[in-house]
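See structure below.
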Amino acid sequence: MDLNKKIFIRLGIYVGILLTLFFIVNQILHPEMSNIFIYLIFLATGEILVIALYFEYKAYFSRYDINKQAVDRDFLVKELDRLNHELKAKEDQMLFMSSFAGQGIILINHLKEIIYANDTAVNLLHIVETKDKLFMNRIRHTVIKEQILKTFESKAHEKQNYKIGHKNLNVNTISTEQSKENFVLVIIEDLTDQVQLQNVKKDFFSYAGHELKTPITVLRGYAELIQHEIITGSEAKEVSTKMVELADYMKGFVDDMLMLSRLETFVDGPIETIDLKKMLLDTLDYYHRSIQEKSIKVELNVDDISFEGDKIDITKLFKNMIENAIKYNKEQGTIKIDLKRNLNQIVFVIEDTGVGIPFKDQDRVFERFYRVNEVRKEPGTGLGLAIVKHIVNKYHGHISVESVENEFTKFTIVI
């Protein structure tokens with residue numbers, strides 16, 4: 001008796017045992033004579049199915065029976081070689097693709113069908129699902145489709161940069177041969193962060209050079225006056241005080257530029273639980289002398305609120321807003337501060353009774369280095385509100401301004 005027949009005999013026995021057990025349990029729970037006939041019918045049917053399966057199996061595989069001379073050994077060897085070759089090709093293909101981790105990868109076959117596209121590529125190019133797999137129908141961007149077609153025709157490596165939406169993409173199309181057919185591999189790299197970082201660096205040096213040139217020139221002039229003893233005594237002391245003020249301005253400017261660059265390049269500090277009320281009161285205490293000098297009245301309506309965030313961000317936000325409210329306020333003016341929790345949002349409102357902001361300038365006060373008019377000619381870097389805007393955006397909030405010239409300015413921040 002051959003091995004295959006033994007396997008099917010055992011299968012028939014197992015089917016019989018299983019049906020018998022089922023019959024015994026059912027007879028105990030529901031004892032009826034009719035159950036015996038049902039059992040016999042199911043048993044016979046099950047065994048017939050096993051026998052039929054055996055004969056079908058025997059007929060189908062008889063030509064591969066290694067005990068018979070009918071086996072085509074050369075055919076089997078060729079098939080095994082072919083399968084091994086295909087598996088090796090697939091393995092090499094996957095290893096090649098895995099070397100581009102973090103990039104968008106698309107593989108297009110000789111029929112110009114997309115046979116592979118990773119999630120990064122789908123998201124960057126918004127590849128759509130269609131009934132067919134043709135890349136011309138699935139990729140929306142004409143310039144990229146033209147680049148792929150060019151690579152198919154020339155079999156040459158093409159590399160281009162594109163601005164698609166808000167993304168800066170580098171697209172490489174590479175001709176590669178698979179099973180003697182021309183395939184094209186598309187590699188997409190998102191350069192948005194790199195381009196943004198380069199722009200930030202360029203802006204930093206451009207603005208820094210412009211803003212620091214004048215104070216450095218003045219400092220040099222003051223230093224030469226003292227060096228050559230052109231001024232002495234009280235005059236030298238007065239000039240020295242101005243030099244310290246200029247040095248403080250330059251330090252503040254550099255600190256603000258670094259803070260802005262940090263926010264624009266999404267460099268996060270440690271996240272911790274912040275007591276907003278305490279931080280706000282500490283900031284007011286920091287500016288206590290400036291508040292006293294202008295005899296400003298501060299009205300507070302502040303709740304006890306905890307917030308998960310970067311302490312540097314929130315400290316800078318409070319400092320910039322309070323400093324502006326003092327700087328542009330009137331003598332014996334008022335500053336009103338509200339800090340409340342509204343459902344899942346935190347609402348911070350600061351209002352001063354200062355010089356105000358003309359309506360035409362209100363949309364631009366959050367731009368870097370934008371100064372309103374000569375009425376607001378207080379010294380400063382021109383970066384304060386730009387920094388606040390970036391901090392608010394970082395926490396997915398929004399900031400708005402209301403103002404009437406020579407009456408009030410009110411900022412509302414929701415995060």
Side-chain angles (χ1 to χ4, degrees), residues 256 259-260 263-264 271 273-287 290-291 294 296-330 332-373 375-376 378 380-415:
D256 281 353
M259 180 72 182
L260 196 58
L263 291 166
E264 288 181 336
I271 302 300
T273 302
I274 304 169
D275 184 339
L276 293 183
K277 181 177 181 178
K278 181 179 184 303
M279 181 175 285
L280 179 61
L281 294 176
D282 288 345
T283 306
L284 285 168
D285 187 58
Y286 178 81
Y287 288 106
S290 299
I291 293 170
K294 297 184 79 169
I296 294 172
K297 179 183 177 183
V298 179
E299 299 179 2
L300 295 175
N301 185 13
V302 179
D303 291 345
D304 291 311
I305 299 173
S306 293
F307 178 72
E308 298 292 326
D310 185 341
K311 199 170 184 178
I312 294 175
D313 294 339
I314 307 305
T315 300
K316 193 66 175 175
L317 185 149
F318 283 155
K319 278 190 172 182
N320 285 2
M321 298 309 298
I322 291 171
E323 183 178 343
N324 279 356
I326 297 169
K327 186 188 298 183
Y328 300 113
N329 214 330
K330 301 173 182 176
Q332 298 181 342
T334 302
I335 296 175
K336 297 179 181 179
I337 299 176
D338 287 353
L339 182 62
K340 299 288 181 181
R341 183 180 289 280
N342 183 12
L343 298 177
N344 294 326
Q345 295 180 319
I346 295 169
V347 181
F348 174 67
V349 182
I350 182 166
E351 180 179 348
D352 67 70
T353 54
V355 296
I357 303 170
F359 182 77
K360 65 181 179 65
D361 295 311
Q362 290 178 19
D363 288 338
R364 300 193 61 190
V365 292
F366 301 106
E367 297 177 13
R368 286 186 289 186
F369 301 109
Y370 187 77
R371 308 299 296 271
V372 181
N373 50 34
V375 177
R376 296 170 68 93
E378 294 288 337
T381 64
L383 294 171
L385 289 177
I387 290 172
V388 170
K389 176 76 170 178
H390 275 75
I391 293 171
V392 172
N393 288 342
K394 178 179 176 179
Y395 293 95
H396 309 291
H398 60 87
I399 181 170
S400 60
V401 58
E402 302 172 53
S403 185
V404 176
E405 286 188 85
N406 298 313
E407 292 187 21
F408 76 93
T409 299
K410 178 180 178 181
F411 288 94
T412 301
I413 297 172
V414 180
I415 55 176

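FYI, side chains are in, hydrogens and waters are out, and symmetry mates aren't considered; it's all heavy atoms of this structure.
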Could you walk me through whether Met259 and Ile312 pass side chain to side chain contact (heavy atoms under 4.5 Å, CB included), step by step? CA-CA 9 Å; Met259 180 72 182; Ile312 294 175; 4.0 Å; yes
Given side chain to side chain contact (heavy atoms under 4.5 Å, CB included), test Ile350 with Phe318 step by step and report yes or no.
CA-CA 10 Å; Ile350 182 166; Phe318 283 155; over 6 Å; no
task = For Ile415 and Ile391, run side chain to side chain contact (heavy atoms under 4.5 Å, CB included): C-alpha distance rounded to whole Å, both residues' side-chain angles, the deciding distance at 0.1 Å, then the answer.
result = CA-CA 10 Å; Ile415 55 176; Ile391 293 171; over 6 Å; no
_Working for side chain to side chain contact (heavy atoms under 4.5 Å, CB included), residues Thr409 and Tyr328_ = CA-CA 9 Å; Thr409 299; Tyr328 300 113; over 6 Å; no
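With hydrogens and angles ignored, the 3.5 Å screen pairs a side-chain donor or acceptor of Gln362 with a backbone N or O of Ile357. With hydrogens and angles disregarded, no donor-acceptor distance shorter than 3.5 Å links the side chain of Asp303 to the backbone of Ile305. Under the 3.5 Å distance criterion, the side-chain polar atoms of Lys294 are left unmatched by any main-chain donor or acceptor of Gly333. Looking at Asn320, its side chain does come within 3.5 Å of a backbone N or O of Gly384 through a donor-acceptor pair.
With rounding to the nearest 0.5 Å, the separation of CD1 in Ile337 from CZ in Phe411 is 13.0 Å. Separating the CD atom in Glu351 from the CG atom in Asn329 is a distance of 10.0 Å, to the nearest 0.5 Å. For the atom pair Lys319 NZ and Asp282 CG, the distance stands at 10.0 Å (nearest 0.5 Å). Atoms CE and OG1, on Met279 and Thr315 in that order, are 3.5 Å from each other to the nearest 0.5 Å. Of the inter-residue distances, the one linking Ile322 atom CD1 with Asp352 atom CG reads 12.0 Å to the nearest 0.5 angstrom. From Lys316, atom NZ reaches atom CG of Asp310 across 13.0 Å, with rounding to the nearest 0.5 Å.
The nearest pair of heavy atoms linking Asp304 to Lys277 is OD1-CD, 3.0 Å. Considering every non-hydrogen atom in both Leu385 and Phe366, the closest pair reads O-CD2, 3.7 Å. Contact record, Gly356 with Ser403: CA-OG, 3.3 Å, taken as the closest heavy-atom pair.
The side-chain contact (heavy atoms from CB on, under 4.5 Å) with Phe348 is formed by just one residue from the set Leu280, Val414, Val392, Thr412; it is Leu280.
Residues Lys340 and Asn301 bring a donor and an acceptor atom of their side chains to less than 3.5 Å of each other.
No more than 12 heavy-atom neighbours from other residues, nucleotides or ligands sit within 6.0 angstrom of NZ on Lys297. In the displayed structure, Glu299 atom CD is contacted under 6.0 Å by more than 12 heavy atoms of other residues, nucleotides or ligands.
Side-chain contact between Ile335 and Ile326 is present, with heavy atoms from C-beta onward closer than 4.5 Å. Counting only heavy atoms from C-beta outward, the side chains of Val388 and Ile413 approach each other to under 4.5 Å. Using a 4.5 Å cut-off on side-chain heavy atoms (C-beta onward), Leu317 and Asp313 make no contact. Looking at Phe408 and Thr334, their side chains never come closer than 4.5 Å, going by heavy atoms from C-beta outward.
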